[in-house]
Asker: 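Shown below is the structure under consideration.
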2 protein chains.
Amino acid sequence: MTREARTLGSFLREHREALREDDSSYSLRQVAERVGIQPSYLSQVERDVAPSLPAEETLVRLAHELELDPDLVLAMAGKVSSDLREVILQRPQLFAELLRDLRTLPDHALMRLVREVRDGDW
Amino acid sequence: MTREARTLGSFLREHREALREDDSSYSLRQVAERVGIQPSYLSQVERDVAPSLPAEETLVRLAHELELDPDLVLAMAGKVSSDLREVILQRPQLFAELLRDLRTLPDHALMRLVREVRDGDW
DNA sequence: TGTCATGTATAGTATTTACTGAACACTCTA
DNA sequence: TAGAGTGTTCAGTAAATACTATACATGACA
């Protein structure tokens with residue numbers, strides 16, 4: 001279950017440090033290198049003091065590196081995955097109406113809808 | 001019915017000129033003034049040669065001015081309305097799954113789903 | 001024939017975004 | 001006690017974004 005980690009930075013740091021308990025290669029510097037950014041920047045990001053949030057591609061690489069759901073990590077940075085954006089842009093009016101109607105639907109009802117759509121009841 | 005206007009610029013120009021047939025106040029200059037941008041910029045936008053697309057707020061004001069659906073105008077500029085983004089960001093994983101499942105659903109099935117959700121069957 | 005409104009061309013600009021790079025302080029350990 | 005690895009500080013920067021401002025050319029029309 002995902003805990004309540006209010007900010008992107010604390011969330012990332014928390015998960016990196018959890019991974020590091022079993023694997024010392026999850027130091028800030030090594031993760032930064034594997035992700036392809038400067039340690040200084042990752043340090044700022046993890047402390048929520050970066051002058052700007054990482055780009056979508058960077059966040060996705062970070063998510064994979066830390067075994068996190070990219071959609072969740074992107075959301076904590078206030079971003080929506082570009083492939084989801086594409087889905088909406090193909091039929092903006094239909095999806096706009098649908099999303100606005102689903103906005104207030106409780107989680108359990110939304111999950112049921114997802115399940116039925118997935119099962120091909122649509 | 002909305003015609004096939006491939007680009008944002010031609011779409012906007014087409015609709016402005018349609019409105020102008022009945023109302024001479026829909027000149028490029030006057031629309032630009034009411035929307036709050038320079039005529040030079042609107043001219044570029046309508047000819048698809050602007051160095052950058054208008055911001056979301058500007059597009060929404062333009063859409064209202066030209067009596068167009070803001071979601072459609074935004075989509076033609078490759079943008080998703082920020083209120084829709086908010087809806088997704090509240091429950092990113094649920095909506096990510098739902099949208100990816102709905103991506104290939106034919107229009108008529110999607111419309112049926114929208115209708116049933118609206119009717120409170122969910 | 002002046003002036004008014006129209007659309008257009010082009011250069012410039014303020015702000016935001018997404019980082020980099022060099023240096024610094026600390027700990028551990030060989 | 002030198003070296004390696006750790007995280008952090010902070011100034012700087014390249015590119016993109018969203019425009020503005022000024023000037024220009026054209027046609028209507030009084």
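In this text the structure is predicted, and so the values were computed from the model without any measurement. Every chain is numbered from 1 and lettered A, B, ... according to where its sequence line falls, protein lines coming before strand lines.
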Asker: Compare side-chain N and O positions of B/R16 against OP1 and OP2 of C/dT6 and report whether any pair is under 4.0 Å apart.
Answerer: no
Asker: Are there over 12 heavy-atom neighbours, none belonging to A/R103, within less than 6.0 Å of that residue's CZ?
Answerer: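 12 or below, so no.
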Asker: At under 4.0 Å, does any side-chain N or O of A/Q38 touch on OP1 or OP2 of C/dC19?
Answerer: no
Asker: Check whether the side chain of A/S40 and the base of C/dG21 form a donor-acceptor pair under 3.5 Å.
Answerer: yes
Asker: What's the CD1-C1' distance between A/I37 and D/dT13, to the nearest Å?
Answerer: 17 Å
Asker: State whether B/S43 places a side-chain N or O below 4.0 Å from either non-bridging phosphate oxygen (OP1 or OP2) of C/dT8.
Answerer: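 Yes, within the criterion.
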Asker: Atom CZ of A/R61 and atom P of C/dA18: how far apart are they, to the nearest Å?
Answerer: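 After rounding, the gap between these two atoms is 13 Å.
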Asker: Just N and O in the side chain of A/K79: are any of them under 4.0 Å from OP1 or OP2 of C/dA18?
Answerer: yes
Asker: Which part of the nucleic acid does A/Q30 contact within heavy-atom distance under 4.0 Å: base, sugar-phosphate only, or nothing?
Answerer: sugar-phosphate
Asker: To the nearest angstrom, how far is A/R20 atom CZ from D/dG5 atom C1'?
Answerer: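 The distance from CZ of A/R20 to C1' of D/dG5 comes to 11 Å, rounded to the nearest Å.
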Asker: So which atom in A/L53 and which in A/Y41 form the shortest heavy-atom distance, rounded to 0.1 Å?
Answerer: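 For A/L53 versus A/Y41, the nearest heavy atoms are C-OH, 3.3 Å.
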Asker: At less than 4.0 Å, is any side-chain N or O atom of A/R47 found next to OP1 or OP2 of D/dC10? Yes or no.
Answerer: no
Asker: Does any part of the side chain of A/L42, heavy atoms only, come nearer than 4.5 Å to the side chain of A/Q38, both counted from C-beta?
Answerer: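 No, too far: nothing below the 4.5 Å cut-off.
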Asker: Nearest-Å distance, CG (B/L28) to P (D/dA25)?
Answerer: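 Going from B/L28 (CG) to D/dA25 (P), I get 19 Å.
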Asker: Find the distance B/L12:CG to C/dG7:P and express it as a whole number of Å.
Answerer: 14 Å
Asker: Side chains of B/R47 and B/S43: do they bring a donor and an acceptor to under 3.5 Å?
Answerer: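 Per modelled atom types, B/R47 and B/S43 side chains form a pair under 3.5 Å.
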Asker: How close or far is atom C1' of C/dT17 from atom CD of A/E56, stated in whole angstroms?
Answerer: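 So the CD-C1' distance, A/E56 to C/dT17, works out to 14 Å.
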Asker: Could you state the CG-P distance from B/L74 to D/dA18, rounded to the nearest angstrom?
Answerer: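 Distance check: B/L74 CG to D/dA18 P gives 12 Å.
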Asker: With a 4.0 Å limit, can you tell me whether A/S52 has a side-chain N or O closer than that to the phosphate oxygens OP1/OP2 of C/dT16?
Answerer: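 Checking A/S52 against C/dT16: no side-chain N or O falls below 4.0 Å of OP1 or OP2.
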Asker: Rounded off to whole Å, could you give me the CG-to-C1' distance for the B/D48 and C/dA9 pair?
Answerer: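 Rounded to whole Å, this separation is 17 Å.
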Asker: Nearest-nucleotide wise, let me know which of B/L59 and B/R29 is further upstream toward the 5' end of DNA chain D.
Answerer: B/L59
Asker: Given D/dC10, C/dT8, C/dC19, which nucleotide is nearest the side-chain atoms of A/Q44?
Answerer: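 Comparing D/dC10, C/dT8, C/dC19 against the side chain of A/Q44, the answer is D/dC10.
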Asker: For DNA chain C, whose closest nucleotide is more 5', that of B/P51 or that of B/P39?
Answerer: B/P39
Asker: Can a side-chain donor-acceptor contact be found between B/R6 and B/S10 if the only test is distance below 3.5 angstrom?
Answerer: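 Side chains of B/S10 and B/R6: pair found under 3.5 Å.
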